[in-house]
Amino acid sequence: MTMTSDPFGTLSKALWIGGAQWSGKSTVARLLATRYGLTAYHYDYHDARGHLDRRVAYRFRLHQTAADPDPEAVWVNTTPERMTHETLAGFPQRFEWALDDLRALDSARPIIAEGWGLRPELVAPLVDSPGRMVVLVPTELFRQHQIRQLPRASALATRVSDPVLAQRNRVARDRLVAADAVRSARRHGVRVIEVDGALDPDAVTDVVAGHFSPYLEN
């Protein structure tokens, strides 16, 4: 265990759901919160909105412009491999911002924290057991189903010169980031749950709840 500040014991009691985009992490966290009277922390929501000021300040410290990177450079004039490298390199700093959010929460019950930036290698030093985390990843068929069915998965919200290429780059990046999460989970003894669409969200939540049962029953 690290000596990371945890004034209310929130981090040590948290349950973590990491993994890939479009694997149902947010849905499972919401269902667990409803079933067991827990608080759910949605990393992606806070990272895209509540962390804006921290992101700007971080860029200033690195002597970078405060503006968001050019969408053409981010999505079009790049490669999935480069996007993956930059995404993985950014996770540790963004994780620290998420920890700041979580430290401020005080709950008698575990917090359910979910998001693709909650990486096994970052969570592992904070927990007393790898059983406090799961990694959800979609099969390739289910990934393609999500892309077809979810508007936010099927197209970028940002306008670019070549939206088809941008979307192809994003999907390829997400696939690579997911594969890296699986490798990290296996290195740290974290359970990987593959989501193939055969189970509905409630049934997937049953699987995750069964994994977390020692902590949910307390």
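Sequential numbering from 1 along the given sequence is applied to the chain's residues.
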What heavy-atom pair brings [X] and [Y] nearest, and what distance separates the two atoms?
X: Ser161; Y: Val76; value: OG-CG1, 4.2 Å
X: Val135; Y: Gly19; value: CG1-CA, 3.6 Å
X: Leu11; Y: Asp6; value: N-OD1, 3.0 Å
X: Ser154; Y: Ile147; value: CB-O, 2.9 Å
X: Pro125; Y: Glu121; value: CD-O, 3.4 Å
X: Val177; Y: Leu88; value: CG1-CD2, 4.4 Å

Is there a side chain to side chain contact (heavy atoms under 4.5 Å, CB included) between Ser26 and Tyr45 once you walk through the steps? CA-CA 10 Å; Ser26 298; Tyr45 183 92; over 6 Å; no
Take atom CZ in Arg82; do more than 12 heavy atoms of anything else shown fall under 6.0 Å from it?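 No, because the 6.0 Å sphere around CZ of Arg82 holds 12 heavy atoms or fewer from other groups.
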Is Glu96 close to Asp100 at the side-chain level, that is, under 4.5 Å between some pair of heavy atoms?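 Of all side-chain heavy-atom pairs linking Glu96 with Asp100, none is under 4.5 Å.
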Tell me, do Tyr36 and Ile112 make a side-chain contact under 4.5 Å, heavy atoms counted?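 Not in contact.
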In the single-linkage hydrophobic clustering (I, L, V, M, F, W, Y; side-chain heavy atoms under 4.5 Å), do [X] and [Y] co-cluster?
X: Phe91; Y: Trp16; answer: yes
X: Phe212; Y: Leu136; answer: yes
X: Leu122; Y: Val137; answer: yes
X: Met83; Y: Val171; answer: no
X: Leu38; Y: Val204; answer: yes

Decide side chain to side chain donor-acceptor pair (under 3.5 Å) for Glu194 and Thr139; before the verdict, give the C-alpha distance in whole Å, the side-chain angles of both, and the deciding distance to 0.1 Å. CA-CA 6 Å; Glu194 194 171 61; Thr139 63; over 6 Å; no
Looking at Arg119 and Asp180, is there a salt bridge between them, counting it only when a charged N and a carboxylate O are closer than 4.0 Å?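 Answer for the salt bridge query: yes.
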Audit row: Glu81, Arg173, salt bridge (Lys or Arg N to Asp or Glu O under 4.0 Å) steps and yes/no: CA-CA 7 Å; Glu81 291 75 18; Arg173 178 208 61 176; over 6 Å; no
What's the spacing between Leu102 CG and Tyr41 OH if we round to 0.5 Å?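 If I round to the nearest 0.5 Å, the distance is 5.5 Å.
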Test Asp202 against Arg35 for salt bridge (Lys or Arg N to Asp or Glu O under 4.0 Å), laying out the working first. CA-CA 10 Å; Asp202 279 299; Arg35 287 186 190 183; 3.6 Å; yes
Candidate pair Arg143 and Gln146, rule side chain to side chain donor-acceptor pair (under 3.5 Å), full reasoning: CA-CA 5 Å; Arg143 186 196 309 277; Gln146 295 289 72; over 6 Å; no
For the side chain to side chain contact (heavy atoms under 4.5 Å, CB included) test, which of Val28, Val192, Ile17 pairs with Val134?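 It is Ile17, the one option of Val28, Val192, Ile17 that forms the side chain to side chain contact (heavy atoms under 4.5 Å, CB included) with Val134.
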Could you give me the CA-CA distance, side-chain angles and deciding distance for Glu114 and His42, then say whether side chain to side chain donor-acceptor pair (under 3.5 Å) is met? CA-CA 5 Å; Glu114 66 82 19; His42 299 289; 2.6 Å; yes
Judged by atom type as modelled, is there a donor-acceptor pair below 3.5 Å linking the side chain of Arg103 to the main-chain atoms of Gly9?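 No; zero donor-acceptor contacts below 3.5 Å.
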Give a yes or no on whether the ring-centroid distance for Trp22 and Phe142 is below 6.0 angstrom.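 For Trp22 and Phe142, the ring centres are not under 6.0 Å apart.
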